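Predicted model, so just to flag it, every value in this text is computed and none were measured. Lettering of chains follows the sequences in order, A, B, ..., and the numbering in each one begins at 1.
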Number of protein chains: 2
Amino acid sequence: MARRNDHSREQLKDLAIESVFNIVDSDECATVTARAVTQGMGYTVGTLYLVFSSIDDLLLQVNAELLKRLHSDMQFAVKNEVDPQATLFAMAKCYFLLAEHYPGRWKLLSRHREKLGDEETDNIVESIFTLVETELARLAPIRNNKEIAIAARALWSAIHGICVVNASSHLRHRVHYDARSLVRTLIHTYLSGFMSDNIAPPT
Amino acid sequence: MARRNDHSREQLKDLAIESVFNIVDSDECATVTARAVTQGMGYTVGTLYLVFSSIDDLLLQVNAELLKRLHSDMQFAVKNEVDPQATLFAMAKCYFLLAEHYPGRWKLLSRHREKLGDEETDNIVESIFTLVETELARLAPIRNNKEIAIAARALWSAIHGICVVNASSHLRHRVHYDARSLVRTLIHTYLSGFMSDNIAPPT
DNA sequence: TAACTTATTAAACATTGTTTAATTTGTCAA
DNA sequence: TTGACAAATTAAACAATGTTTAATAAGTTA
């Protein structure tokens, strides 16, 4: 089945995704062009369309791969921590470190969140939320399933938002203290409120 | 000074910004092209470059305008609420409603946050944060300036993050309950933790 | 060995941002 | 009033992208 090079469709996909990583890792502001991607794989532009339906399709699959790795990192955190709160810190750290160490990859992730994702991507995101929910449930038994689900999304949104602000911090900010402690403070403060049995907010 | 049409540079700027609004309001997924913008103003593409240095420059000024209006809305909220917590709810609502009623405009805002902003834009953002800080300070006198500043950014990041997730919710979410109450719950929970004198998080 | 299949490419096309040279329009001085 | 100048506006060109298509080349198989 293989021709000129011994690369199956699957291998071509991996090559392309790898090439995208190389591009955004070398320069987080670089634009991922079809020609740059295929040049990085040692192919020409047409080959990309043999394996992906469009550039957006490629980037979608890149993001799916990123999310899979994130989920894997977070699972590792769950295994290595005992305290639920410590686990949540560790999981948040996984996300934060992705943004800090691989800003280019993380920007792909946050830039394409707006576009419609396919079912696979959504499922990975769901599995990530499930990890968070499990810890929240252990931490605040007084909360019901719905409250847990909402809290997981709110908390994760907040962490994501901090990464966004951090990524776009132009040094010029009046308050600049590091995003790492910002995340820690956020989780701590939020959980403190979440665990106490305060009354429901006004409607 | 005016020639063919009686449009000063300033008027051309306003026309262009208005045209961008029209484009993204009519279809939040529409791409804002130079030709579409100028066609909407009744000019041709070259005129745009008489007034803006690039498309990015135009979008930057569009975002500045959006932020100005947001700040104005939030100031209005401050005037019309007495309780600090109610004021914070009202301010968050301003941002949330922008995302809900003008998703196209809001996407411009969140999409271009990553690009380096000019000083003017940063100043507007700072003034918005100042409004939030003022209410937080009234609410939690035990917190010092730095804590207030961090809390304002964390809280706002969280609200922004919720809007992001909401904007990209593909109906398919297992938990879908409305973002409005998500924001309310988040603020309530966060403030509950912020106002109590819990210990500092572990380092 | 020859026909066929298909991976791969080179070239073409459409759409964008941006620049440039031409054109049109108003202003002002003689 | 008219002719020269300045400025606004445009049409056309250019480069970089995503995408498609027709040609080419390499392997497979009868």
Side-chain angles (χ1 to χ4, degrees), chain A residues 1-20 22-24 26-63 104 107-108 111-112 114-116 118, chain B residues 1-20 22-24 26-63 104 107-108 111-112 114-116 118:
Chain A
M1 280 298 172
R3 284 301 145 89
R4 263 263 283 257
N5 284 329
D6 307 71
H7 289 139
S8 66
R9 301 295 173 103
E10 210 50 46
Q11 284 175 316
L12 284 177
K13 275 195 181 186
D14 291 345
L15 274 177
I17 292 175
E18 194 65 30
S19 178
V20 172
N22 286 335
I23 291 170
V24 299
S26 74
D27 173 14
E28 59 179 284
C29 293
T31 46
V32 180
T33 78
R35 286 163 181 86
V37 171
T38 45
Q39 184 178 331
M41 332 163 37
Y43 281 84
T44 56
V45 64
T47 304
L48 203 61
Y49 290 84
L50 191 71
V51 185
F52 300 97
S53 67
S54 67
I55 280 282
D56 271 2
D57 181 29
L58 165 59
L59 292 178
L60 209 66
Q61 301 207 30
V62 167
N63 283 344
K107 281 184 180 179
L108 285 183
R111 192 177 307 140
H112 280 262
E114 57 203 33
K115 308 209 168 159
L116 300 179
D118 60 349
Chain B
M1 279 299 173
R3 284 300 143 91
R4 257 254 295 244
N5 284 327
D6 306 74
H7 288 139
S8 66
R9 301 293 175 103
E10 210 50 46
Q11 283 175 318
L12 284 177
K13 275 195 180 185
D14 291 345
L15 274 177
I17 292 174
E18 194 66 28
S19 178
V20 172
N22 285 336
I23 291 171
V24 299
S26 75
D27 173 13
E28 59 178 284
C29 293
T31 46
V32 179
T33 76
R35 286 163 181 83
V37 171
T38 44
Q39 184 179 331
M41 335 165 32
Y43 281 84
T44 55
V45 64
T47 304
L48 202 62
Y49 290 84
L50 190 71
V51 185
F52 300 97
S53 66
S54 68
I55 281 282
D56 272 3
D57 181 29
L58 164 61
L59 293 178
L60 209 67
Q61 300 205 31
V62 167
N63 283 344
K107 281 183 180 179
L108 285 184
R111 192 177 307 141
H112 280 263
E114 57 203 32
K115 308 209 170 159
L116 302 179
D118 60 348

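Residues passing the side-chain contact (heavy atoms from CB on, under 4.5 Å) test with B:Asp57, sequence neighbours excluded: B:Phe52, B:Ser53, B:Ser54, B:Gln61. Listed by chain and residue number, A:Val32, A:Arg105, A:Leu108 satisfy the side-chain contact (heavy atoms from CB on, under 4.5 Å) test with A:Val24 (two or more places apart in sequence, or in another chain). With sequence neighbours excluded, the residues forming a side-chain contact (heavy atoms from CB on, under 4.5 Å) with B:Glu28 are B:Pro103, B:Lys107, listed by chain and number.
Distance, A:Gln11 CD to C:dA7 P: 13 Å, rounded to whole Å. Distance, B:Asp56 CG to C:dG17 P: 10 Å, rounded to whole Å. Atom CG in A:Leu12 sits about 9 Å away from atom P in C:dA7, given to the nearest Å. Summarising the geometry, the separation between CD1 on A:Ile55 and C1' on D:dG18 is reported as 7 Å, rounded to the nearest angstrom. Rounded to an integer number of Å, the gap from CG of B:Leu58 to P of C:dT18 is 10 Å. Distance, B:Asp57 CG to C:dT19 P: 12 Å, rounded to whole Å.
Although no hydrogens or angles enter the test, the distance criterion places a donor-acceptor pair under 3.5 Å between the side chain of B:Gln11 and the main chain of B:Ser8.
The two atoms that bring B:Ala36 and B:Ser19 nearest to each other are O-OG, 4.1 Å, heavy atoms only.
Between the CD1 atom in B:Ile17 and the CG atom in B:Leu12 there is a gap of 11.0 Å [rounded to 0.5 Å]. Distance CE/B:Met41 to OG1/B:Thr47: 7.0 Å, rounded to 0.5 Å.
Rounded to 10 degrees, the angle separating the terminal helix axes of the helix from C:dT1-D:dA30 to C:dA30-D:dT1, each built from five base pairs, is 30°.
Using a 4.5 Å cut-off on side-chain heavy atoms (C-beta onward), A:Arg9 and A:Leu50 make contact. Residues B:Leu60 and B:Asp56 have side chains not in contact (no heavy-atom distance under 4.5 Å, counting atoms from C-beta outward). B:Val20 places a side-chain heavy atom less than 4.5 Å from the side chain of B:Val37.
Taking every heavy atom of residues 43-54 of chain B and every atom of DNA chain C, pairs under 4.0 Å involve B:Val45, B:Tyr49, B:Ser54, by number. Listed in residue order, the members of residues 27-41 of chain A having a heavy atom less than 4.0 Å from DNA chain C are A:Arg35.
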> What's the verdict on side chain to side chain contact (heavy atoms under 4.5 Å, CB included) for A:Ile55 and A:Thr33, showing C-alpha distance, side-chain angles and the deciding distance?
Replying inline: CA-CA 8 Å; A:Ile55 280 282; A:Thr33 78; over 6 Å; no
